[in-house]
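Computed from a predicted model, the values in this text were never measured in an experiment. Each chain gets a letter, A, B and so on, in the order its sequence line appears, and its residues count up from 1.
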There are 4 protein chains.
Amino acid sequence: MPRPRSQASRTAILAAAQALLSEKGFPALTIEGVAARAKAGKATIYRWWPDRASLAADALLSATFQPIPVPDTGSAREDFRRHMQLLSAAMRRDFGQQLLVALACTQENRDLTVAFRNSLWKSLRLALAPAIHRGAAARQIRPNVYAEVLFDLLYGPVILRFLTAPETLTPDYVDALCETVMTGILPA
Amino acid sequence: MPRPRSQASRTAILAAAQALLSEKGFPALTIEGVAARAKAGKATIYRWWPDRASLAADALLSATFQPIPVPDTGSAREDFRRHMQLLSAAMRRDFGQQLLVALACTQENRDLTVAFRNSLWKSLRLALAPAIHRGAAARQIRPNVYAEVLFDLLYGPVILRFLTAPETLTPDYVDALCETVMTGILPA
Amino acid sequence: MPRPRSQASRTAILAAAQALLSEKGFPALTIEGVAARAKAGKATIYRWWPDRASLAADALLSATFQPIPVPDTGSAREDFRRHMQLLSAAMRRDFGQQLLVALACTQENRDLTVAFRNSLWKSLRLALAPAIHRGAAARQIRPNVYAEVLFDLLYGPVILRFLTAPETLTPDYVDALCETVMTGILPA
Amino acid sequence: MPRPRSQASRTAILAAAQALLSEKGFPALTIEGVAARAKAGKATIYRWWPDRASLAADALLSATFQPIPVPDTGSAREDFRRHMQLLSAAMRRDFGQQLLVALACTQENRDLTVAFRNSLWKSLRLALAPAIHRGAAARQIRPNVYAEVLFDLLYGPVILRFLTAPETLTPDYVDALCETVMTGILPA
DNA sequence: CAATAATCGAGACGGTACGTCACGTCTTCTT
DNA sequence: AAGAAGACGTGACGTACCGTCTCGATTATTG
């Protein structure tokens with residue numbers, strides 16, 4: 001019976017990877033750097049992770065994500081608005097950086113698309129789901145609105161602006177965005 | 001006073017970069033590869049581009065972008081729907097690949113955010129602007145809808161899905177998205 | 001703890017360096033050339049030799065130097081004369097080339113002065129020592145002549161001519177040189 | 001009718017070359033460095049000198065050499081001894097550095113052997129000639145001693161030691177050397 | 001006194017080699 | 001067996017110079 005995998009080593013490697021990611025970002029995450037910082041051998045890393053994208057994804061996902069709260073004010077409109085304001089604030093902090101790492105990972109290793117969909121994106125969508133259901137139940141949301149589409153309508157624009165023009169991701173923009181999502185663009 | 005910059009060299013370098021980008025993608029764009037393919041010296045590339053991200057951006061932007069048509073059917077609703085269907089189709093072809101290159105560039109060199117905003121994104125926004133203005137003039141769009149926000153509402157979700165779950169970017173999804181953008185999510 | 005140094009690699013690198021030195025001389029000894037010829041990585045060379053001068057010195061010294069014979073005729077005068085004739089002949093062959101390499105090495109890396117003094121020059125001096133001792137024991141050499149000085153008197157002029165006017169390093173010159181060393185320049 | 005060669009440029013280039021040689025030695029003498037320092041174009045240097053060795057030789061030889069004095073004490077023995085002491089002292093100063101440059105030049109460009117033989121070495125031999133002739137005339141030197149050989153016997157050992165073990169080039173060594181050259185090594 | 005033609009500065013160009021870094025694989029000893 | 005340490009071949013990095021080649025600006029004759 002072989003010696004089992006060393007949990008101490010695994011933990012140290014993931015911690016080192018997280019540290020490098022948050023300090024210098026994805027391009028600075030080298031296997032040699034992680035090995036040196038974690039006092040691990042390179043071969044140990046290669047034994048358990050196929051490439052640095054997988055390691056980064058693992059490090060990112062095993063970090064304790066600070067979930068973005070979804071308030072429950074009784075008004076779906078207000079719930080969404082406040083949540084999006086919190087999201088855009090988090091974007092300017094560490095959440096944006098983490099998002100960049102996630103996108104970089106999926107570009108280096110297409111297999112990770114599924115992993116992230118089943119973890120990061122799933123949890124984000126799940127977090128918003130209760131508010132959507134509350135709104136539907138309270139007849140504050142039209143019944144034929146898909147939750148998937150609604151999530152994309154809220155997160156898509158914010159992420160697009162973050163990627164292409166982060167300094168325009170202002171509270172006023174977020175308010176205008178939410179307002180337009182609520183009422184649509186057709187005349188009354 | 002010195003010999004002026006060689007346009008032949010510049011053209012060959014950009015062509016080589018474009019070829020490598022479309023053949024193997026951004027990670028395969030090495031300076032040495034471009035130099036070899038363009039029969040240029042590495043120093044010539046470094047003389048004119050600070051890093052490979054800038055070179056990639058230049059190659060991308062000097063390529064003839066195939067603009068996504070915006071039909072003029074008389075109905076803003078239908079104009080947007082058809083444009084988004086064309087966009088999602090282009091995403092599955094080369095436009096998605098180009099988008100990935102653009103995002104990769106801005107992650108490697110933050111200065112390029114501005115460059116892309118003033119070229120790629122500006123032209124995309126401008127392309128949609130006439131349809132928006134037509135809709136507003138024809139009172140098919142509520143007057144207090146910002147063009148910026150409307151663009152984000154259409155492009156943001158499509159790009160988000162392309163990045164995180166490209167196989168779900170179906171025509172049905174695009175129709176549902178446009179419908180929701182038009183009518184909003186509030187009950188009638 | 002790590003994998004020990006590969007002797008195969010070390011040998012191949014030194015052999016490649018020797019080959020380049022004897023084929024094209026010191027200026028043609030490039031690290032990349034050695035690496036290519038030895039099928040080794042550049043990093044492996046830099047790991048073990050600080051610069052190309054050290055590598056050249058190592059290659060030179062680990063080559064099997066053909067020692068210049070010192071005959072034993074019973075006459076110190078004749079021993080020296082014949083040895084110097086052999087030396088000047090060797091100079092015109094490969095020994096002169098090797099000497100140039102040695103001098104080039106010590107000019108590029110001053111640390112190598114000591115290395116060569118303790119190897120190449122030491123062995124040359126040692127080779128001559130027995131003949132000197134024989135001559136002294138047989139009272140064919142005045143007792144207050146230093147071996148160090150005698151060596152310099154024989155080798156210095158030959159090397160000087162080799163460096164500055166190699167085609168004048170003729171047998172007649174060597175004979176005249178030895179004769180003058182033996183009897184001095186003062187009148188009888 | 002054409003414009004003649006600019007002497008100002010020639011002078012500036014040689015001055016820059018001399019400065020670089022004495023500051024950092026032959027390996028630091030790059031064409032680009034000389035051009036920058038002399039505010040000259042690279043092509044101007046290549047137009048008038050075939051390679052850097054020729055430029056270095058020209059710079060060296062057009063510098064005002066400080067000749068090593070040859071005293072006239074009435075005793076050839078003493079004249080030689082004092083001259084050699086002055087020579088070994090100069091070796092430790094700039095003359096040694098200049099000698100190294102000269103040797104480096106002839107190794108890079110064999111054609112320069114003749115140039116140096118006709119300038120540097122000729123002037124050194126000529127400087128010693130009067131003392132030799134005085135000694136011969138005064139019957140302090142045996143008549144069948146060749147001036148060429150005598151020069152080599154004095155300079156060869158000193159240069160050999162300078163190249164291989166400069167710190168052993170002491171006044172005592174020089175005295176012992178001269179003594180042995182005078183009286184030879186045979187027993188009285 | 002222009003006209004003119006080689007010279008000059010500047011530096012762009014295609015190259016070669018530099019010395020460094022990280023890759024992913026491997027071999028060794030230690031735990 | 002698993003792990004640390006790190007040597008190995010490989011390949012790209014960004015830099016320094018090479019020697020050649022335009023450029024426009026600068027002169028010292030000569031028509």
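Under the rule for a salt bridge (charged side-chain N to carboxylate O under 4.0 Å, His left out), C/Arg5 has no partner lying at least two apart in sequence or in another chain. Considering only residues two or more places apart in sequence or on other chains, A/Arg117 meets the salt bridge (charged side-chain N to carboxylate O under 4.0 Å, His left out) condition with B/Glu167.
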Write down the protein N/O and nucleotide N/O pairs, taken from nucleotides 16-19 of chain E, whose separation is under 3.5 Å; answer none if there are no such pairs.
unit_1, atom_1, unit_2, atom_2, d
E/dC18, OP1, C/Ile31, N, 2.8
E/dC18, OP2, C/Ile31, N, 3.2
E/dC18, OP2, C/Glu32, N, 2.8
E/dG19, OP2, C/Tyr46, OH, 2.4
E/dG19, O5', C/Tyr46, OH, 3.4
E/dG19, N7, C/Lys42, NZ, 3.0
E/dG19, O6, C/Lys42, NZ, 2.7

Using the 3.5 Å cut-off, write out each protein N or O paired with an N or O of nucleotides 29-31 of chain E and the distance between them.
unit_1, atom_1, unit_2, atom_2, d
E/dT31, O2, A/Arg3, NH1, 2.8

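If you measure from atom CD1 of D/Ile45 to atom C1' of F/dT20, you get 14 Å, rounded to the nearest angstrom. Per the geometry, CZ belonging to C/Arg47 stands 12 Å off C1' belonging to E/dC21, to the nearest Å. Rounding to whole angstrom units, CH2 of residue D/Trp49 and P of F/dC18 are separated by 15 Å.
A close approach under 4.0 Å does occur between a side-chain nitrogen or oxygen of B/Thr44 and OP1 or OP2 of E/dG14. OP1 or OP2 of F/dC8 lies within a sub-4.0 Å distance of a side-chain N or O belonging to C/Trp48.
Along DNA chain F, the nucleotide nearest C/Arg5 and the nucleotide nearest A/Gln7 are compared for position; the residue whose nucleotide lies closer to the 5' end is A/Gln7.
Sorted by first and then second residue, the pairs that involve residues 20-31 of chain A and meet side-chain hydrogen bond (donor to acceptor under 3.5 Å, both in side chains), not counting sequence neighbours, are A/Glu23-A/Arg37.
Residues from residues 13-22 of chain A with heavy atoms under 4.0 angstrom of DNA chain F: there are none.
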